[in-house]
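What you see is a predicted model; the values in this text were computed from it and never measured.
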Amino acid sequence: MIRKLYFLSLLAIFAGPVTADDDTSVTFDFTNAEEINALGIETPENGAGTNITTDIVKDGVTISIDNGSASNPTRIWATNNGVLDFRIYKNASLTITVPEGKLIKEMTWTTANSVNFSASEGLASGTAWTGEANPVILSCTSNTRINVLTISYGDHEEAYMGLSSTFDLTSPEQYGIWNISIPENGKGTSVNGNTLGDEIATMTFDNGEAATDCRVFASNSGSLNLRVYKGSKVTFRVAEGYILDGIDIESGNASNMTSADNTWSTGSFAATCVWSPDEGSDVRSVVLEAGTTLQFNKVTFRYHESEDTAIQDTLFTRTNGYSVVYNLQGQRVNPSSAKGIVIKNGKKYFQ
């Protein structure tokens, strides 16, 4: 009974993400003449466009347009054979707003050409935006043609209160911790066969059948990321006594990350670049086999101690002379150097 109560107290401390309500998705199909007309926009004749001079509104989502210094006004365009799309030109911007009290969680779009947006909040990459904000301004950095735009919004998602390890793969300091040399601009440093991480969460790289080693790569401007090439494998693992809750990957090419060409040994990967284990499974490691070139900017492991380990940590002192200590964010900290309010043996202390 005592063991059960201690374990329940740990679950309360390290609860996973919670949302108040299900998210709502609203889709704008700019290839459909009937939907365009329903938005109050006249369908243009073939080879012509209809300039958009008012907000586009649907089911509580508003798209406001600022043409800025763009060479052409934002408009619905019909090709010579009648194919419709939504055209935004370089230096124009879209402000996306959802109902008050809600937050935009994700935006995805299909396109007839490459899309380049910078975002006022969150991360815009490839054909997706992710984050939590309201409103969000998408600034167009090249002429863009959108076919279908889907916007998902909902309540604020409470912060993950379990344990986590985050590795910034754009930071020279991070590679310095791992004793990996920073390459010259336009070149890379191989990490094939290396294990990168900390004492709990690690990434191991296997070149497999790839023609190019997994490597830290520096662009011509000197910006860094970690690149994994087609045929390579990355093993994400947590130490014995821990269970994976998820892996969040911030990518320099998010559309490649979510490609069906990539395969995972277990669990599933969402369009928001979040890997999750199968429901009810306890997973310590997962293998990603790259089906195309992937760019990792940041990787966050989310995990918790297994039931037996958690109970052991709560009831007893570890053999190295101290109990496991966490901060209020649920992150494991050094008991000798941590300052302020900490959690030890399921109770709060000030030190």
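No continuous path of hydrophobic side-chain contacts links F217 to M203 [ILVMFWY only; heavy atoms under 4.5 Å]. With hydrophobic clusters built from ILVMFWY side chains whose heavy atoms lie under 4.5 angstrom apart, V191 does not share a cluster with Y229.
The side-chain contact (heavy atoms from CB on, under 4.5 Å) with F296 is formed by just one residue from the set N225, V228, V216; it is V228. Test T50, L84, N32 against T43 for side-chain contact (heavy atoms from CB on, under 4.5 Å) and you get one pass: L84. None of F30, W129, F117, F86 except one satisfies the ring-ring contact (aromatic ring centres under 6.0 Å, His included) rule with W109; the exception is F117.
In summary, the side chains of T166 and T300 do present a donor paired with an acceptor at a separation below 3.5 Å, with no hydrogens or angles considered. The closest side-chain donor-acceptor pair between D168 and T170 falls under 3.5 angstrom. If you check the side chains of Y153 and S25, you find no donor sitting under 3.5 Å from an acceptor. There is a side-chain donor-acceptor pair under 3.5 Å between N67 and T74. Checked by atom type, the side-chain pair D23/S152 shows no donor-acceptor distance below 3.5 Å. No donor-acceptor contact under 3.5 angstrom links the side chains of S268 and S276, judged on distance only. Defined by atom type and a distance below 3.5 Å, a donor-acceptor pair is missing between the side-chain atoms of T62 and T97. Side-chain N/O atoms of N51 and T53 include no donor and acceptor closer than 3.5 Å.
Atom CD of Q295 sits about 7.5 Å away from atom CG of N256, to the nearest 0.5 Å. With values rounded to the nearest 0.5 angstrom, C140 atom SG is found 7.5 Å from L94 atom CG. Distance check, rounded to the nearest 0.5 Å: CG of N194 to CG of D206 gives 11.5 Å.
A donor-acceptor contact shorter than 3.5 Å is absent between the side chain of S181 and the backbone of N179. Put simply, the side chain of N207 gets close to the backbone of A210: a donor and an acceptor are under 3.5 Å apart. Without hydrogens or angle criteria, D213 side chain to R215 main chain gives no donor-acceptor distance under 3.5 Å.
Taking the six-membered ring for Trp and the full ring otherwise, the centers of F269 and W275 sit at least 6.0 Å from each other.
Listed by first then second residue, pairs satisfying side chain to side chain donor-acceptor pair (under 3.5 Å) with a partner in residues 277-293 number zero, not counting sequence neighbours.
In summary, D85 and R145 engage in a salt bridge, as defined by a charged side-chain N under 4.0 Å from a carboxylate O. Contact check on K58 versus E35 returns a salt bridge, with a Lys/Arg side-chain nitrogen under 4.0 Å from an Asp/Glu carboxylate oxygen.
Heavy-atom neighbours of Q174 CD from other residues, nucleotides or ligands within 6.0 Å: above the threshold of 12. Counting heavy atoms of neighbouring residues, nucleotides and ligands inside a 6.0 Å radius, atom CZ of R87 exceeds 12 of them.
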